[in-house]
Structures are given as C-alpha cells and as structure tokens.
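Everything numeric in this text was worked out from a predicted model, so none of it was measured.
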Amino acid sequence: SAKDMKHRLGFLLQKSDSCDYSSSQGKKEKISSSQRVSQEEVKKWADSLENLISHDRGLAAFRAFLKSEYSEENIEFWVSCEDYKKTKSPAKLSPKARKIYDEFISVQATKEVNLDSCTREKTSHNMLEPTLSCFDEAQRKIFTLMEKDSYRRFLKSPYYLDLVSPPGAGCGPENCKRSHTHSLDCNSNVVSQCA
C-alpha cells in the first residue's frame, strides 16, 4: 500500500542519513565516482533481469527490494549457484553442494526456495555425485520465478524508480508518477548510498 511504501522509504531515508553522517566516512571514501551507476546503466536494468543482476549495484538494489518483501532467499540461492559453478577444486564440490542443498533445498532448509517436487527430487538425486551443473535446473526455475514475479514488482518500486530518476530532477509529471508526496518522489539514489 502507499502507506507501507512511505514508511519503507522513510526508513531508507533515515538510513541514508546515518550512512552519510555516522561512521561511514570510510564507506563514503570507498564509494568513488567510478562506482556510481550511470543513468544509462540503470535504464538497461529494465530490459532484463540478467542486466540487473549482472551489475553489482543492480544486484544490491534487487536484493534490498527482495529483503523488503521477505523473499531474499531466491536471489541468495541464485548467487550461491553462480559462485558454486566457479568452483575449481573437485574436492570442494561436494561440501559446497551439500551446504547449498541444506540451506536452500532440503526439507529442513533455513532459506527454502520454492521448487516443484520434480525439480527438488532431481536436485536431491544430483547430490549423490555433485557436478558443476547439479543445481542448473533448480537455479533456472528460481530465475524464472524471480523474472515473472518479483523483478516486475521491483521495476515499479522505489528501489528502482528512485535510481532511474536523475538526481536533482524536478518533480514534473514525467519524473514523479508514483505518489502524491513531493519529498518521497524526489529523493533519488537512496539505495545506492547505502548499498
């Protein structure tokens, strides 16, 4: 609802203030101008979920959005699978695979992702002899789920809209179609300051 969005954005704005003025002098120095996201790049994020999550800042913004919806396990699983596929040592495959399986797929998983029973069974079977591709089908299903569901909501959320409107842009109708509160609409880069 609009009230929830106001509250959430208000919380982020407070958080961004604390990012700016508290112990983040070091953090501010780390975020150099080369790490800032160009408007062109941010606009590319709307083209596809791949574009969004292949960019560090896009991934951070999307993760923050999913966290606000209590569904960050999906992106965490996807990132874990990407990391797993880069495993060089065959000796590390089995323990890494087991960790991912226990955390995201098993019946007692702490961050269980929403998989159909067939995919879950296939992934369980793959655990007998883990390979670099043993999570591919499950990862693909979760990616598709995010793409059809949360990614679309992300593009309509302040997490994205506040990044896509250029800093200092006036509150004309083309920039601020989201709510009636002028101050909520014109605070851009909230997520990028605190990501």
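Put simply, CE on Met127 and OG on Ser94 are 6.5 Å apart, with the number rounded to the nearest 0.5 Å. In this structure, CG on Asp116 lies 9.5 Å from CD on Glu121, to the nearest 0.5 angstrom. Between the CG atom of Asp102 and the CZ atom of Arg98 there is a distance of 5.0 Å, given to the nearest 0.5 Å. The NZ atom of Lys99 sits 6.5 Å away from the OG atom of Ser80 when rounded to the nearest 0.5 Å. Once rounded to the nearest 0.5 Å, the distance linking CG of Leu49 with NZ of Lys148 reads 12.5 Å. In this structure, SG on Cys81 lies 11.5 Å from CG on Leu132, to the nearest 0.5 angstrom.
Atom CG of Asp149 sits in a crowded spot, with more than 12 heavy atoms from other residues, nucleotides or ligands closer than 6.0 Å. Heavy-atom neighbours of Lys85 NZ from other residues, nucleotides or ligands within 6.0 Å: above the threshold of 12. Around atom CG of Asp136, more than 12 heavy atoms belonging to other residues, nucleotides or ligands sit under 6.0 Å away.
A donor-acceptor pair shorter than 3.5 Å can be found between the side chains of Ser124 and Tyr101. Looking only at atom types and distance, the side chain of Thr87 has a donor-acceptor partner in the side chain of Lys96 under 3.5 Å away.
Contact check for Ser150 versus Leu66: side-chain heavy atoms found under the 4.5 Å cut-off. Residues Glu147 and Arg152 form no side-chain contact, since every pair of their non-hydrogen atoms from C-beta on lies 4.5 Å or further apart. Between Glu137 and Thr123 there is no side-chain heavy-atom pair separated by less than 4.5 Å. Residues Leu59 and His55 fail the side-chain proximity criterion, which asks for heavy atoms closer than 4.5 Å. Looking only at side-chain heavy atoms (C-beta outward), Leu155 and Leu161 stay at 4.5 Å or farther from each other.
Qualifying ring pair (Phe, Tyr, Trp, His ring centres under 6.0 Å) partners for Phe154, counting only residues two or more places apart in sequence or in other chains: Phe62, Phe65, Tyr160.
One finds a salt bridge joining Lys111 and Glu103 here, because a Lys/Arg side-chain nitrogen approaches an Asp/Glu carboxylate oxygen to under 4.0 Å. Between Glu41 and Arg57 no salt bridge is recorded (no basic side-chain N to carboxylate O distance below 4.0 Å). Checked for salt-bridge contact, Glu112 and Arg120 meet the test: a charged N lies under 4.0 Å from a carboxylate O.
One N or O on the side chain of Asn51 and one on the backbone of Lys44 form a donor-acceptor pair closer than 3.5 Å.
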Verdict with supporting geometry, Arg63 and Glu76, salt bridge (charged side-chain N to carboxylate O under 4.0 Å, His left out) = CA-CA 8 Å; Arg63 186 175 279 181; Glu76 287 178 19; 5.4 Å; no
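Of all heavy-atom pairs spanning Leu163 and Ala61, the tightest one is CD1-CB, 4.0 Å. The two atoms that bring Ile142 and Asn74 nearest to each other are CG2-O, 3.6 Å, heavy atoms only.
For the ring pair (Phe, Tyr, Trp, His ring centres under 6.0 Å) with Phe104, the lone residue among Trp78, Phe135, Phe77, Tyr84 that qualifies is Phe77.
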